[in-house]
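Structure record follows, encoded as structure tokens.
Both ligands and their constituent atoms are indexed starting at 1 by order of listing.
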Amino acid sequence: MFHMKVIKAKTHKEAGYLAADEFEKVMGKKADCVIGLATGSTPLPFYDELIQREKNRALSFSSVRTVNLDEYVGLEAEDPQSYRYYMQKNLFDHISIKKENILIPNGLEKDKETLCRKYENQIEVWGGIDIQLLGIGHNGHIGFNEPDDFFAVSTHEVKLTEKTRKANQRFFKSPNDVPKSAITVGIGTIMSAKKIVMMAVGGDKAEIIKKAFCGPVTPKIPASILQFHPNVTLICDEAAYMGFY
Ligand code: PGA
């Protein structure tokens with residue numbers, strides 16, 4: 001918690017608004033900035049707010065580059081459960097971003113090693129991530145970096161834990177349809193971002209917020225590594241903030 005700035009929002013919507021403020025600041029200074037994006041239910045009001053702000057001309061995505069955290073292995077881009085689909089529906093279809101400025105892993109790529117290497121290369125060619133949005137899983141995962149005995153450095157394929165597969169089951173027709181693995185950026189990729197904004201909302205996130213930011217840094221709780229990042233803003237709604245008490 002050394003460097004971390006913690007902001008308490010009244011509601012989920014306000015948390016999204018405050019996160020958008022952080023991105024607007026960076027996008028205002030650098031038109032072709034590289035922004036790291038996340039999926040899940042947490043960022044939805046954030047994306048609504050970004051769309052609104054571009055409509056109101058407060059910001060522009062015309063030169064912005066985006067890097068997504070992760071994607072399921074085995075799902076097509078058009079699959080409604082793929083993260084590509086989520087990003088199109090919740091953000092990309094509504095903003096001026098150029099197709100070539102979107103980086104998200106291709107879940108159907110057979111040669112995963114090459115895919116992962118190219119992913120890291122592209123981020124480097126773009127000059128690194130200026131600002132990264134994160135959610136947090138109930139087990140402390142960031143991206144799909146699950147609890148482990150070590151911190152994975154760079155983009156890699158990961159086997160999803162049963163806990164994560166269960167948490168995501170609600171989106172699929174049957175439990176067996178939940179993919180067994182994903183491609184995710186590494187902890188090193190995330191830690192290289194110049195600024196990190198984490199959103200955490202809901203009482204069910206309070207306990208993991210406490211473990212991740214009021215306890216020791218450990219790969220058993222991947223998000224705890226953020227305690228070592230020099231520029232993190234954590235935006236909690238009131239329920240998630242209760243973790244600090
Ligand atoms: P959620 O997911 O926003 O749907 O809670 C967060 C995460 O798993 O990173």
(request) Taking the side chain as every heavy atom from C-beta outward, state whether L69 and N145 have any pair of such atoms under 4.5 Å apart. (result) no
(message) Suppose clustering is done on Ile, Leu, Val, Met, Phe, Trp and Tyr with side-chain heavy atoms closer than 4.5 Å. Which residues sit in the same group as L115?
(response) V73, I183
(message) I want to know whether F46 and Y17 have ring centres closer than 6.0 Å.
(response) no
Under 3.5 Å: N or O atoms of ligand 1 paired with protein N or O:
{"residue": "ligand 1", "atom": "3 (O)", "partner": "S41", "partner atom": "N", "Å": "3.2"}
{"residue": "ligand 1", "atom": "3 (O)", "partner": "T42", "partner atom": "N", "Å": "2.9"}
{"residue": "ligand 1", "atom": "3 (O)", "partner": "T42", "partner atom": "OG1", "Å": "2.4"}
{"residue": "ligand 1", "atom": "4 (O)", "partner": "S41", "partner atom": "N", "Å": "3.0"}
{"residue": "ligand 1", "atom": "4 (O)", "partner": "S41", "partner atom": "OG", "Å": "3.0"}
{"residue": "ligand 1", "atom": "5 (O)", "partner": "K205", "partner atom": "NZ", "Å": "2.6"}
{"residue": "ligand 1", "atom": "8 (O)", "partner": "H141", "partner atom": "NE2", "Å": "2.7"}

(message) Exactly one of K89, H94, Q52, M87 should register a side chain to side chain contact (heavy atoms under 4.5 Å, CB included) with Y47. Which one does?
(response) M87
(request) Using side chain to side chain donor-acceptor pair (under 3.5 Å) as the criterion, list what pairs up with E49, not counting sequence neighbours. (result) R53
(request) Could you list the residues that satisfy side chain to side chain donor-acceptor pair (under 3.5 Å) with Y83, not counting sequence neighbours? (result) Y72
